[in-house]
Each structure stands twice: as structure tokens, then as C-alpha cells.
Number of protein chains: 2
Amino acid sequence: MKNNLFTIGRLSEQTGCVVQTIRYYERIGLLPEPDRSPRGHRLYNEDILNRLKFILRTRQLGFNIEERRTFLELVDGGKYTCHKIRQKTLLHAQEIKRKIRDLKKMERELLKMTDQCNDGSGTDCSILATLFRN
Amino acid sequence: MKNNLFTIGRLSEQTGCVVQTIRYYERIGLLPEPDRSPRGHRLYNEDILNRLKFILRTRQLGFNIEERRTFLELVDGGKYTCHKIRQKTLLHAQEIKRKIRDLKKMERELLKMTDQCNDGSGTDCSILATLFRN
DNA sequence: GCTTGCAGCTATAGTTACTATAGCATGTAT
DNA sequence: ATACATGCTATAGTAACTATAGCTGCAAGC
Ligand SMILES: [Zn+2]
Ligand SMILES: [Zn+2]
Ligand SMILES: [Zn+2]
Ligand SMILES: [Zn+2]
């Protein structure tokens, strides 16, 4: 039914995405160039709103720009399979898993150091000793 | 005893840190400006080697540049306490913990989506449905 | 004697994904 | 008339490196 068009400020409110980022996504081609008002202001529709929401959800899930772009291209082109989408998602989940593993290792080492530290008022710190050990 | 000086290439080999990064650390003040050979080449000593090793260990532990700088300043100034060092380390461990928590949330959501996906050859994908849901 | 290769050097740009600023135009409210 | 809000473009800044371009100087091989 409705052709309601809205400005970038409204789109920003609807999505929680800041205005500059919306323009940025347009510049790099994740969002299409929208229509403009006579004054040159961008006018968005529901389609672009949904597209932006999609981008923001994939962002929340840690997909980088190129991954998001690939998703959008697959959907735009319509020539994808469920299997392909699942593979991309699994691949990304493995990246995340690796990051978690690396961070956990850091955390373990940090806590091991703070455990050994006597927390005193002197300058003889086992944390520094560990960091400076050869 | 020994005054053995070595070039940036040797320092790079000893530490595994690439040459450009060593020069970068010098530029931003983490490493001191070393002596130079008559030809203008940097000449390093054991002290700088150990300082760089320290920087690289804190890097491995995820400390950012400013945190590394603070550590070095505390040590250089000699006016720190074991307690202070431990606090900084704990604080950083908490950052790491937060990052792990965030990544785990992403991982859970990603795996939930891939679980529900039928992995088929069609285009009716529950992952996309989730990402496009309103 | 000439060329090639290597190791240094400096200065500058590129990376990622935004975010912020400067400087401008226009419409509305006081 | 003035201020404020919202929009615009173009450009710079962020973090922590990494890579490139273009230079010098030394040593070895032909
Ligand atoms: Zn990914
Ligand atoms: Zn301590
Ligand atoms: Zn930290
Ligand atoms: Zn699917």
C-alpha cells in the first residue's frame, strides 16, 4: 500500500544506526543510493530499512563488511543455496571460536600472573618478573 | 661485559618482530632512539632487546599500545607498586573477559541458526529468515 | 668496471569499520 | 532577525601496525 518515504534521521531512529554510518554503507555499496527530495535529502523506503536491519544484525554477529556484502549479493542475485549460506555461517562461527580460544589463553595467563603477585606496596612484582623474563 | 651492538635485522631475528614494527615502536616512543653507525644504521644493545621483548609479551597478552606505554613508564620511573601493576593487569583481564562473553554470545546465536538450517539445495533458508525477521 | 642483491634508511600510504569534524544550505520556531 | 535542527559533501581521525616507493652503500660475481 504505502509509499511512505522517510529521511535519514528517521531511518537512524528506526534502526539505532548512526547517520554517518548509514551514509558510509551507501558509499561502499551495501545500501543503494536512495531517492532524493527536491532539496537533495535522502528518502528511504521499507526495503532499504529492512536491508539496513539485515546489515546491522550481521554486524552484531561479527560478520565483517565483506562477509555482509557477500550475503547481500547472494540474496540480491537469488542464486544461493541454503547449504551455501549455512557454510558461510559455520565458517564465521569457526573464526569466532578461534578468537575465543586466543582470548581465553590470554585470560589464563593474565590470571596466573595476578595469582602469583603478592599485591604489595613494594616494587618486587612477580608480574613484571614474568614479563621481563628471558 | 660486552658492548655488542647489533642491527635492526638482528633485533628482528632475535624477537620475531618485523623491522617496520620496531621502527614504529621507536617513532611512537615505546623504544628509545638507538645509537647509529657511521652510515646511519640503528645499533641496538641488550637493554633495548629486552625492552622490545617486554613489549611483545604484553602485546601477546592483548595489552594495547597505551597500556604497554604505561607499563614501561611505571617501570622506567621506578615509582610503581606491585599493587598498581596487579590492578592494571586485573583490569585488562576483565576487558578480555568481556570480549570473550561478547564473542560467546555471537557463537551461540550463530550455532543456533546453523542448527535450524536444513543445509539443503533450495533457497528457503532459516538463517536468512532469522536475519531478515522484523 | 658493471651489475646484481641485500640491508639499511625516510616518508608516506594503506588497512578495517566506522566516527567526527568543517563548512555549507534550508526550514521551522521564537 | 535569530537560533536551532536537520540535512548535505568532503575530508580527517581512530588503532596498530604493514607495505610501498625511492634512496644509499656495501659486497660478490662476471
Ligand atoms: Zn567472519
Ligand atoms: Zn606484583
Ligand atoms: Zn587492556
Ligand atoms: Zn538454511
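In what follows, chains are A, B, ... by sequence order, proteins preceding strands, each numbered from 1. Worth knowing before you read on, the calculation uses all heavy atoms, side chains too, and leaves out hydrogens, waters and symmetry mates. Please read these numbers as outputs of a predicted model, since none were measured by experiment.
Residues passing the side-chain contact (heavy atoms from CB on, under 4.5 Å) test with B/Cys117, sequence neighbours excluded: A/Cys82, A/Arg86, B/Cys125, B/Ser126, B/Ile127.
For the pair B/Glu26 CD and C/dG8 P, the interatomic distance rounds to 14 Å; values are reported in whole Å. Remark: C1' of D/dA21 and CD of B/Gln20 are 13 Å apart, rounded to the nearest angstrom. For B/Glu33 and C/dG8, the CD to C1' distance is 17 Å, given to the nearest whole Å. Rounded to whole Å, atom P of C/dA17 lies 10 Å from atom CG of A/Leu30.
Phosphate contact (OP1/OP2 of D/dT18, side-chain N/O of B/Thr21, threshold under 4.0 Å): present. For D/dC17, the OP1/OP2 oxygens have a side-chain nitrogen or oxygen of B/Tyr25 closer than 4.0 Å.
To the nearest 0.5 Å, atoms CG (B/Leu103) and CG (A/Leu103) are separated by 6.0 Å. Rounding to the nearest 0.5 angstrom, the gap separating the CD1 atom in B/Ile48 from the CD1 atom in B/Ile55 is 10.0 Å. Annotation: the span from B/Ile22 atom CD1 to B/Thr15 atom OG1 amounts to 5.0 Å, rounded to 0.5 Å. A distance of 9.0 Å separates CE of B/Met106 from CD1 of A/Ile100, quoted to the nearest 0.5 Å.
Ion pair A/Glu95/A/Arg98 not flagged as a salt bridge, since none of the NZ, NE, NH1 or NH2 atoms sits closer than 4.0 Å to an Asp/Glu carboxylate oxygen. Salt-bridge check for B/Glu26 with B/Arg23: failed, with every basic side-chain N at 4.0 Å or more from each acidic carboxylate O. With respect to B/Glu67 and B/Lys88, no salt bridge is recorded, no charged nitrogen being found less than 4.0 Å from a carboxylate O. Comment: A/Lys112 does not engage A/Glu109 in a salt bridge, judged by the lack of any side-chain N to carboxylate O separation of less than 4.0 angstrom.
Other residues, nucleotides and ligands contribute only 12 or fewer heavy atoms inside 6.0 Å of the CG atom of B/Asp124.
Between A/Phe71 and A/Phe54, the angle of the ring planes goes over 60°, which puts this pair in the perpendicular group of the 30/60° scheme.
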- [ ] Let me have a per-nucleotide readout for nucleotides 4-11 of chain D, 5' to 3', with B, S or -, counting only protein heavy atoms under 4.0 Å.
- [x] ---SSB--
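Counting heavy atoms from C-beta on, the side chains of A/Tyr25 and A/Arg68 come closer than 4.5 Å.
Note on the helix from C/dG1-D/dC30 to C/dT30-D/dA1: terminal axis deviation equals 30°, with five pairs used at each end and the result rounded to 10°.
Of all the residues in residues 89-109 of chain A, not one reaches under 4.0 Å from DNA chain D with any non-hydrogen atom. For the contact set between residues 51-69 of chain A and DNA chain C, defined by any heavy atom under 4.0 Å, the members are A/Arg59, A/Asn64, A/Ile65, A/Arg68.
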Donor-acceptor contacts under 3.5 Å from residues 74-81 of chain B side chains, at least two apart:
residue, atom, partner, partner atom, Å
B/Asp76, OD1, B/Arg51, NH1, 3.0
B/Asp76, OD2, B/Arg51, NH1, 3.4
B/Asp76, OD2, B/Arg51, NH2, 2.9
B/Tyr80, OH, A/Thr123, O, 2.9
B/Thr81, OG1, B/Lys84, N, 3.0

